[in-house]
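As structure tokens, the structure follows; a few thoughts come after it.
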Amino acid sequence: MKILGIGNALLDVLLRLESDDTLVKMGMAKGAMDLIGEAQMRTVHQAQKGLKRDEAPGGSACNTMRAMARLGAEVGYIGKIGSDETGAFYEQAVRNAGVTPYFVHTEGISGCSTVLISPDGERTMATFLGPAETLSAAEVADETLRAYDCVYIEGYLISNEALFLPVLQRIDKLGLTVALNLSNFNIVNAFRDLLQEIVPRYVRILFANESEAEAYTGLPAGAAVQKMAETVDISVVTVGEKGALVGSREGCIAVPASGGHPVDTTGAGDNFAAGFLYGLSVNASLEQSARTGAFLAGHVIETVGPQIPDDRWEQIKLKIKGDIMQQP
């Protein structure tokens, strides 16, 4: 099974501040998470000069596709980027990760999520969606969609009226499988009625964490995963340190969490989805797929950021092939 991701293409930039004066200059409240406009993004870019920084292509669906590619899956990614150095870096990094890129290019600066880390470790986030939020279904070619068996979509895109429902309708006409990640409980609360109309019609695999599942169904995780499975082929609800639940018409499966003490839970859901979809792509059972997802999530929470360090992947692949996929 070949899988194509669609999402907001955002470069993740982690900056280590020498003092909080930079936040004051940018007019940002320490510890806040804000969406910002182009003018403020340019101010942020100017303030970045000379600071120690780490960069990686981000966005929920991109994180998932990159992790799947590291496992050896055949995956692609659709997003929209600008004509600046950020966009060029993003595209090349996605390609280097083994993901086939299908980027829509436009003039201007690319989307960027900047994480400003104060000396005391507090994080302040400034996200500029830029061209990412203007991707439309008309910019997604049927030829690209036909090259894949499954399309994985992040729930953040539901607010994009020019993309979300129109592209789902086209994917449905092409007979492809849709996997949707609900992404954020605020998104679910804001668009619950639309989701409850769309999901039964177009979605076959539905991912959610505990709060998103409760927002979607009004039920706790155990009941929510079964309720979700009434309208999709496979429902997945991650429940943090308790692991994950997988629902289908055959019943519900529970798998334990993996990993040690969490350092940073960023990207846990993205990597769980990567492991689960990878399992399905190689015809593993639902339990094996969920264990693979939990294994990847367990690794990413032991590091800072949404991606597993490069030096872990060979051992991860050996573990998955040798142990996880052999379990009943």
Side-chain angles (χ1 to χ4, degrees), residues 1 3 5-7 60-61 63-64 68 149-159 164-165 167-169 171-172 175-257 265 267-281 284-294 296-297:
M1 183 169 68
I3 300 175
I6 305 178
S60 176
N63 291 337
T64 299
M68 287 191 68
D149 307 296
C150 173
V151 182
Y152 176 79
I153 301 175
E154 61 183 60
Y156 294 111
L157 299 183
I158 194 171
S159 61
F164 191 72
L165 181 55
V167 84
L168 284 177
Q169 292 170 335
I171 293 168
D172 182 63
L176 309 178
T177 295
V178 171
L180 175 68
N181 195 319
L182 293 181
S183 296
N184 184 282
F185 74 91
N186 287 326
I187 292 288
V188 179
N189 284 330
F191 296 94
R192 183 186 297 106
D193 291 346
L194 180 58
L195 281 167
Q196 291 179 344
E197 177 184 343
I198 286 175
V199 168
R201 177 68 181 85
Y202 299 106
V203 177
R204 289 180 58 190
I205 305 171
L206 184 61
F207 292 92
N209 65 23
E210 196 166 4
S211 62
E212 293 155 6
E214 183 173 349
Y216 180 66
T217 65
L219 301 169
V225 73
Q226 297 179 57
K227 183 69 173 178
M228 291 158 59
E230 293 176 3
T231 58
V232 297
D233 292 347
I234 303 170
S235 62
V236 181
V237 177
T238 55
V239 286
E241 63 183 14
K242 292 177 286 185
L245 303 170
V246 180
S248 69
R249 289 174 175 80
E250 284 70 46
C252 182
I253 300 167
V255 298
T265 59
D270 299 338
N271 280 269
F272 184 96
F276 188 84
L277 290 172
Y278 171 76
L280 296 185
S281 77
S285 69
L286 291 182
E287 181 175 352
Q288 289 169 329
S289 299
R291 288 183 180 275
T292 303
L296 291 193

For this session: Please answer whether the main-chain N or O of Gly155 pairs with a side-chain N or O of Ser183 as donor and acceptor at a distance below 3.5 Å.
Result: yes

Problem set entry | Tyr202 versus Leu168, closest heavy-atom pair with distance | CD2-O, 3.8 Å

Problem set entry | Considering all heavy atoms, the nearest Leu219-Ala224 contact | O-CB, 3.7 Å

Problem set entry | Backbone N/O of Gly222 and side chain of Gln226: donor-acceptor pair under 3.5 Å | yes

For this session: Kindly say whether Asp270 contributes a backbone atom to a donor-acceptor pair with the side chain of Thr64 at under 3.5 angstrom?
Result: yes

Exercise. When you look at Thr177 and Asp233, which way does the side-chain contact (heavy atoms from CB on, under 4.5 Å) test go after all the steps?
Worked result: CA-CA 10 Å; Thr177 295; Asp233 292 347; over 6 Å; no

For this session: Might you confirm whether atom CD of Gln196 has over 12 heavy atoms from other residues, nucleotides or ligands at distances under 6.0 Å?
Result: yes

For this session: Would you indicate whether the side-chain heavy atoms of Leu195 and Leu180 approach each other to under 4.5 Å?
Result: yes

Exercise. So which heavy atom on Leu280 is nearest to which on Ser289, and how close?
Worked result: N-OG, 3.3 Å

For this session: Would you please indicate yes or no on a ring centroid separation below 6.0 angstrom for Phe207 and Phe276?
Result: yes

Seminar exercise, completed: In short, Leu182 meets Val188 closest at the heavy-atom pair CB-CG2, 3.9 Å

For this session: Considering non-hydrogen atoms only, spot the tightest contact between Leu157 and Ile153 and give its length.
Result: CD1-CG2, 3.8 Å

Exercise. Hey, is CD on Glu241 packed in by over 12 heavy atoms from elsewhere, all under 6.0 Å?
Worked result: no

For this session: Please confirm whether the backbone N or O of Pro220 pairs with a side-chain atom of Glu210, one donor and one acceptor, at under 3.5 Å?
Result: no

Seminar exercise, completed: Looking only at heavy atoms, the pair that brings Cys150 and Ala179 closest together is SG-CB, 4.1 Å

Exercise. To the nearest 0.5 Å, what is the distance between OG1 (Thr292) and CD (Glu287)?
Worked result: 10.5 Å

For this session: List the steps, then state whether side-chain contact (heavy atoms from CB on, under 4.5 Å) holds for Phe164 with Ile198.
Result: CA-CA 10 Å; Phe164 191 72; Ile198 286 175; 3.9 Å; yes

Exercise. Nearest 0.5 Å, what's the CG-CD1 distance between Leu206 and Ile234?
Worked result: 11.0 Å

Problem set entry | Residue pair Val246, Val255: steps toward the side-chain contact (heavy atoms from CB on, under 4.5 Å) verdict | CA-CA 8 Å; Val246 180; Val255 298; 5.7 Å; no

Problem set entry | Rounded distance (nearest 0.5 Å) linking atom CD1 of Ile253 with atom OG of Ser248 | 6.0 Å

Seminar exercise, completed: CG of Asn189 to CG of Asn184, rounded to nearest 0.5 Å, is 9.0 Å

Exercise. Between Val178 and Asp172, is a side-chain contact (heavy atoms from CB on, under 4.5 Å) present by the stated rule, with each step listed?
Worked result: CA-CA 8 Å; Val178 171; Asp172 182 63; over 6 Å; no

Exercise. Rounded to the nearest 0.5 Å, how far does OH of Tyr156 lie from CD1 of Ile187?
Worked result: 7.0 Å

For this session: Answer yes or no: is there a donor N or O on one side and an acceptor on the other, between the side chain of Glu212 and the main chain of Asn209, under 3.5 Å?
Result: yes

Problem set entry | Check: Glu154 side chain, Ala61 main-chain N or O, donor-acceptor pair, under 3.5 Å | yes

